[in-house]
Amino acid sequence: MFPQSILFFVLQIGTGLFWTVAYILIIRRGFKDKTYGIPMVALCANISWEFIFSFVYPHEGIQLIINMLWLFLDMIIMLQFLWFGWKSCQRYMPLKYFYITFLIVLMLSASMIITVSIEFNDLQGKYSAFGQNFMMSALFIVLLFKRGNASGQSVYIGIFKMLGSLLAAIGFCLYFESSLINLFSIGTLFFDLVYIALLYNMVYKDKVKSSFMLR
């Protein structure tokens, strides 16, 4: 059996790896489908968290490297959102309001993460991380229903996102006592499974429909 510190390190690396793959797949699918892959509120929360815990309250060791890598990848996703997202809503929102809205949400996200970290005396960002991960999983489902198709998304993105979240949940469940984080983790896993099932069903129906039309 691994010593606790080594096991937590393995889970930490696994979380970083799976989430990094999910980000890369989101970027690849975004460019392929000419859209964005993360809802605005979740994207702003991600960028804020990664910036805060890279530069304001920097983590130590491997986690700091992971944070910076995630921040770099999220900046690419942000560029996709600012370009493709504007195109999807230009019929009812002027460009300047689109950018202003994004900036306001980004500032509110950063303010809330810092406030939660101070309020809970959690300068490692555990509570905000699991809370926004829970929110992101729910918003992925909302985005799927909003679009009505798998544009910008894939089953593999859902699987890697779920695996990264699951490893993080196991690590904190084993070594930290927090009913709130446990609740967030259970809710996140539930939404991730629902998202994967809905997305798989949607992709499968599209393939069946395409095959039928080619006959």
Side-chain angles (χ1 to χ4, degrees), residues 15-16 18-56 66-114 116 125 128-162 164-165 188 191-192 194-196 198-199 202-203 206:
T15 298
F18 285 132
W19 263 93
T20 298
V21 172
Y23 279 143
I24 292 172
L25 291 176
I26 288 170
I27 292 170
R28 176 180 177 275
R29 191 60 189 259
F31 282 124
K32 180 180 179 181
D33 295 342
K34 293 181 171 53
T35 188
Y36 60 93
I38 298 182
M40 181 182 67
V41 176
L43 177 60
C44 289
N46 279 359
I47 293 173
S48 298
W49 190 93
E50 290 151 6
F51 181 86
I52 289 168
F53 296 103
S54 292
F55 301 105
V56 182
I66 292 172
N67 292 350
M68 290 183 173
L69 175 59
W70 287 347
L71 179 60
F72 171 75
L73 294 173
D74 260 330
M75 294 300 289
I76 299 176
I77 297 172
M78 181 191 73
L79 293 176
Q80 290 180 324
F81 173 81
L82 293 177
W83 178 250
F84 298 122
W86 151 242
K87 289 187 174 181
S88 68
C89 67
Q90 59 183 335
R91 292 176 297 177
Y92 55 85
M93 180 182 291
L95 180 60
K96 64 178 181 178
Y97 293 140
F98 175 77
Y99 289 145
I100 290 173
T101 299
F102 178 81
L103 183 60
I104 290 174
V105 175
L106 184 62
M107 293 173 63
L108 285 173
S109 298
S111 300
M112 290 181 67
I113 290 171
I114 291 176
V116 168
S128 56
F130 281 91
Q132 69 189 54
N133 193 25
F134 171 77
M135 173 188 68
M136 183 188 299
S137 295
L139 290 178
F140 267 126
I141 297 175
V142 174
L143 183 64
L144 188 63
F145 280 119
K146 178 182 177 181
R147 288 179 174 166
N149 58 59
S151 176
Q153 303 166 86
S154 74
V155 173
Y156 294 108
I157 291 172
I159 290 174
F160 279 106
K161 190 269 182 196
M162 181 189 69
S165 301
T188 299
F191 281 135
D192 284 345
V194 170
Y195 172 74
I196 292 170
L198 290 172
L199 189 55
M202 185 175 291
V203 171
D206 287 343

*Apply side chain to side chain contact (heavy atoms under 4.5 Å, CB included) to I26 and F160, showing your working.*
CA-CA 11 Å; I26 288 170; F160 279 106; over 6 Å; no
_side chain to side chain contact (heavy atoms under 4.5 Å, CB included) for T20 and W70? Distances and angles first, verdict last._
CA-CA 7 Å; T20 298; W70 287 347; 3.2 Å; yes
- Item | Pair F55-M68, side chain to side chain contact (heavy atoms under 4.5 Å, CB included): steps then yes or no | CA-CA 9 Å; F55 301 105; M68 290 183 173; 3.9 Å; yes
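With contacts defined as side-chain heavy-atom distances shorter than 4.5 Å, the pair I113/Q132 qualifies. Between I159 and F18, every side-chain heavy-atom pair lies at or beyond the 4.5 Å cut-off. In this structure, S165 and F130 have side chains that are not in contact, with every pair of non-hydrogen atoms separated by 4.5 Å or more.
A distance of 10.5 Å separates CG in D192 from CZ in F134, rounded to the nearest 0.5 Å. For the atom pair L106 CG and M78 CE, the distance stands at 8.0 Å (nearest 0.5 Å). Atom CG in L103 sits 9.5 Å away from atom CG in L108 (nearest 0.5 Å). The CD1 atom of I196 sits 12.0 Å away from the CD atom of Q153 when rounded to the nearest 0.5 Å. To the nearest 0.5 Å, atom CG of residue N149 and atom OG1 of residue T35 are 8.5 Å apart. Separating the CE atom in M162 from the OG1 atom in T188 is a distance of 12.0 Å, to the nearest 0.5 Å.
Using cut-offs of 30° and 60° for the angle between ring planes, the F84 and F31 rings count as perpendicular. Ring geometry for W86 versus F98: interplanar angle of 30 to 60°, hence tilted. Ring orientation note: the planes of F140 and Y195 are tilted relative to one another, at an angle of 30° to 60°.
Across all their heavy atoms, M135 and A45 have their closest contact at CE-CB, 3.9 Å. The shortest heavy-atom contact between L198 and I141 is CD1-CG2, 4.0 Å. Between I77 and Y23 the shortest heavy-atom distance is CD1-CD2, 3.7 Å. The two atoms that bring L43 and I38 nearest to each other are N-CG2, 3.6 Å, heavy atoms only. Closest of all the heavy-atom pairs between Q80 and I27 is NE2-O, 2.9 Å. Minimum interatomic distance between C44 and S109 (heavy atoms only, all atoms of both residues): CB-OG, 3.6 Å.
Applying the ring pair (Phe, Tyr, Trp, His ring centres under 6.0 Å) criterion to F53, with sequence neighbours excluded, gives W49, H59.
The environment of CE in M112 is sparse: at most 12 heavy-atom neighbours from other residues, nucleotides or ligands sit within 6.0 Å. For R147, the CZ atom is densely surrounded, since the number of other residues' heavy atoms within 6.0 Å is greater than 12. Few gaps surround OH on Y99; more than 12 heavy atoms of other groups in view lie less than 6.0 Å from it. Applying the 6.0 Å contact sphere to CZ of F102 captures more than 12 heavy atoms from other residues, nucleotides or ligands.
Just one of I66, L71, L69 meets the side chain to side chain contact (heavy atoms under 4.5 Å, CB included) condition when paired with E50; it is L71.
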